[in-house]
Amino acid sequence: MPEYSTTSPLPPWLRSDYNGALRAADAGRAVALWGWVASRRDHGGLIFIDLRDYQGIVQLVFNPERDPAAHAVAEKARAEYYLAVKGTVVRRSENTINRELPTGEVEVVVTEAQILASSAPPPFPLVAGSEAASEELRLRYRYLDLRRAEMQSNLRRRHQALRGVRAWLDGQGFVEIETPILWKATPEGARDYLVPSRVNPGKFYALPQSPQLLKQLLMVSGFDRYYQIARCFRDEDLRANRQPEFSQIDIEMTGATVAGITAIAEGMMASAFEYAAGIKLVPPFPRIAYSEAMERFGSDKPDLRFAMELKNLSAAFAGTSFKVFADALGRGDAIYGLALPGACQLSRRELDEMVANMHTQRERGLTWAKATADGNWQGPIARHIGETERARAAAAAGLEPNGTLLLMAGAADEIRPALGDLRLQLAEKFDLRDDALHFLWVVDFPLFEYSAEERRLVSVNHPFTAPHPDDLALLEREPLKVRALAYDMVLNGQEMGGGSIRIHDPELQLLALKLLGFERDEAMRRFGFLIEALNYGAPPHGGIAFGVDRLAMMLCGTESLRDVMAFPKTQKAVDPMSGAPSEVDARQLRELSIKVTL
RNA sequence: GGGGUCGUAGUUCAGCCCGGUUAGAACGCCGGCCUGUCACGUCGGAAGUCGUGGGUUCAAAUCCCAUCGGCCCCGCCA
């Protein structure tokens, strides 16, 4: 049972200093401290307690002869008890200084102490540097997990990044405006989270996947520079870097050009890195076309921390007698290769696994050849490939002696992303990445792509993205060739943000929707409010949105979004602490005219 | 929906392949001793539905099947 030394809800005294802030210069001061017991060392006589707050820990000394009452309190204290103490900061004698601690030159000789709150033994250690508890447990007791120095630092750093963002955008004349969380379901994109309307039985709000249309409407209204740290919701399966609710830095501006927006975004990112990490970025960031990114890296968010680019080897294998390759080329498919340096050796078993994974995960064939020291080839296809082809392919792919060449044949759209994935996996395996920050812009995305599943065009970005002015004539004739005025900011293989110039002409917007399969009536039913708004002097505009959580991940160096969010959900979209989502009372359902048919 | 991996004291793990004493260790916890430690030390102690259910077997933490949960990935996610 907890033991209380006071029944008063009011503390006996307030804090004068943070524990972690005390230094040699404070020696001699009388201080009042609050904090958690990080460690207690009972020598029978003297008791030492490390008292922790978010700024760090300081050593308290309890002397049974000088202050028996305070010492008695220290005897009762246990890990994570919350204490209030009064005492004097004293310089430690030379032989007792702790060089490991920022506060290690001093300690606080305690004269008065009270237990403000006792604590059950924590289910896992909260001491910095202690062995990590399982994430399951950490999420169940998230409030304790967040007490740990690492999580404190992550969330505080995230806050600093947002300060940098706000400072920059404010300086550029942007106005922060909130938009509704209860809004309208959208037909394109991710699954919506729905909220039933009690007042309108049978009807539902949707939580916004992003404030996209709302911010465009604000442009029509004349808030010519808008931003918001907006919560967004998407009901899709989770990943290490995907949560069902997440935050975006949402930006929109009137009179936007691609150059204008990317410059604002670069400045904003520089400000965030400066505030959060003291890192000075040097814009402008390089930009490459989507088509080039796919060709060289098999990804629209290339990781430039290492080279090892994909190579088109179709020409090298032209006229090959190897049937698989010859058939592919005959169909108009391509052959791409990825050359591993000689220093990166894969065992036969590892190669077989890669081939098998490619088969099960992507239903694609993968093959390989190993170069010997004298340039010969070994592997399953080696005997099918002639001398001159080997030489041409090796030269084109940059295959070194002792190197390994991974090969795929098929439609470029399919095999390049597959090889791009392998490129990343191999970089991870062989630790090929440098530790610099490689920012870049990927531009000239296609406006549409063909969805085989839906048998229609779908937007690569979203239906409100403006086509490239040079490609307007192609819109109806060859829509797949139309480039979009869209841009993604990429950092080390992660998409940090993306945006576009928007359509501000209602007729062009209707045409774009028509190409996506929304006839005029349907378009008006779904997006009538936008089309109407565009009829009232909508200025040209565009914008961008950044993932706050991913930005925080980069700044904190974490592998998971969950480590930079206070209360994240598990892969099954559950909060182990509260138990959400949960069943609700029958009465609540009745009020909402909802029947559960499980 | 699919693939992989993990699940054993409060915690982190070992044991599992090759079934067989009383399921171990460390940390934590509880108690004793200890006046300069700082992950204090030291002596002693308590602590486990081996995720759950079923099967095989004389015998299951261990083998098989199913199921639940955590994590990673594919699909999905403008």
Side-chain angles (χ1 to χ4, degrees), chain A residues 38-51 57-66 71 78-80 92-101 103-104 107 109 120-141 186-192 209-210 212 232-244 246 300 353 356-364 417-418 421 424-425 428 445-449 451 453 457-465 484 486 488 495 498-500 516 545 547 559-560 562 569-572 574 576:
Chain A
S39 159
R40 173 175 167 278
R41 296 176 292 280
D42 185 345
H43 287 243
L46 279 184
I47 295 176
F48 299 96
I49 284 179
D50 290 343
L51 199 65
I57 63 178
V58 72
Q59 173 163 283
L60 310 179
V61 190
F62 297 82
N63 188 316
E65 285 156 16
R66 288 190 38 188
H71 184 266
R78 293 291 182 274
E80 302 308 321
R92 297 199 199 182
S93 65
E94 192 59 33
N95 58 324
T96 60
I97 287 175
N98 185 344
R99 308 271 171 210
E100 306 289 309
L101 288 179
T103 61
E107 61 194 3
V109 175
F124 52 89
L126 307 184
V127 179
S130 57
E131 214 169 1
S134 75
E135 196 164 4
E136 208 170 349
L137 202 64
R138 288 172 52 205
L139 289 178
R140 170 125 182 270
Y141 297 95
T186 50
E188 290 274 283
R191 280 182 273 260
D192 288 312
Q209 296 181 23
S210 81
Q212 178 59 38
C232 304
F233 306 86
R234 294 177 191 174
D235 187 5
E236 295 295 345
D237 287 352
L238 285 71
R239 287 285 187 284
N241 63 0
R242 263 167 35 195
Q243 283 272 314
F246 59 97
D300 62 0
E353 256 170 39
N357 283 341
M358 187 62 75
H359 215 82
T360 54
Q361 298 202 338
R362 287 187 177 259
E363 295 176 3
R364 295 275 155 240
D421 268 6
L424 296 179
Q425 285 168 29
E428 180 70 31
F445 281 82
L447 188 60
F448 302 114
E449 61 192 352
S451 163
E453 193 187 333
L457 293 181
V458 295
S459 299
V460 168
N461 190 218
H462 55 59
F464 320 107
T465 299
D488 276 2
E495 182 190 330
S500 63
L516 292 166
E559 294 291 319
S560 164
R562 295 182 299 274
K569 293 178 181 62
T570 67
Q571 196 162 48
K572 292 206 72 182
V574 161

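Residue numbers start from 1 in every chain, and the chains themselves are labelled A, B, ... in the order their sequence lines are given, proteins ahead of strands. These numbers come from the heavy atoms of this one structure, side chains and all, not from hydrogens, waters or symmetry mates.
Looking at Ser93(A) and Asn95(A), their side chains do bring a donor and an acceptor atom within 3.5 Å of each other. There is no side-chain donor-acceptor pair under 3.5 Å between Gln59(A) and Asn98(A).
If you check distances only, the side chain of Arg92(A) does reach the base of C38(B) with a donor-acceptor pair under 3.5 Å. Asn95(A) contributes no side-chain N or O that forms a donor-acceptor pair with the base of G36(B) under 3.5 Å. For Glu107(A) and G36(B), a side-chain-to-base donor-acceptor distance below 3.5 Å is present, hydrogens and geometry of angles not being considered. Side-chain atoms of Arg234(A) stay outside donor-acceptor range of the base of C77(B), with no qualifying N/O pair under 3.5 Å.
Between Arg242(A) atom CZ and C73(B) atom P the separation is 9 Å, expressed in whole Å. Distance Phe124(A) CZ to C13(B) C1': 18 Å, rounded to the nearest Å.
Of the candidates G69(B), G10(B), U12(B), G10(B) carries the atom nearest the Pro123(A) side chain, counting heavy atoms from C-beta on. The side chain of Pro125(A) lies closest to U11(B) when the candidates are U11(B), G69(B), C76(B). Side-chain proximity of Leu137(A) to U37(B), U11(B), C73(B): nearest is U11(B). Each of U12(B), G69(B), G36(B) was ranked by its minimum atom distance to the side chain of Glu136(A); first place goes to G69(B). Distances from the side chain of Asn98(A) to the nucleotides G70(B), A39(B), C77(B) place A39(B) closest. With G36(B), U11(B), G31(B) as the choices, the nucleotide that has an atom nearest any side-chain atom of Arg78(A) turns out to be G31(B). Taking the side chain of Ala240(A) as heavy atoms from C-beta on, and the options U11(B), U37(B), C73(B), the nearest nucleotide is C73(B). Proximity note for Glu135(A) (side chain, C-beta onward) versus C71(B), C40(B), C34(B): the nearest is C71(B). Of the candidate nucleotides U37(B), C73(B), C76(B), U37(B) has the atom lying nearest to any side-chain atom of His43(A). Comparing C74(B), U37(B), C71(B) against the side chain of Arg239(A) picks out C74(B) as the nearest.
To the nearest 0.5 angstrom, Leu457(A) atom CG is 6.5 Å from Leu516(A) atom CG.
The side chain of Arg40(A) contributes no N or O atom lying less than 4.0 Å from OP1 or OP2 of C40(B).
Comparing the P positions of G24(B) and C50(B) gives a spacing of 14 Å, expressed to the nearest Å. Of the P atoms belonging to C30(B) and U67(B), the separation is 43 Å, rounded to the nearest Å. Nucleotides C43(B) and C63(B) are separated by 38 Å at their P atoms, to the nearest Å.
Across all strands shown, Ser210(A) has heavy atoms under 4.0 Å from base atoms, whether or not it also approaches the sugar-phosphate.
Between Asp237(A) and Arg239(A) there is no salt bridge, since no side-chain N of the basic residue sits under 4.0 Å from a carboxylate O of the acidic one.
Two residues, Leu139(A) and Pro122(A), neighbour RNA chain B, and the one matched to the more 5' nucleotide by heavy-atom proximity is Pro122(A).
Screening Val109(A), Leu46(A), Ile49(A) for a side-chain contact (heavy atoms from CB on, under 4.5 Å) involving Phe62(A) leaves a single residue, Ile49(A).
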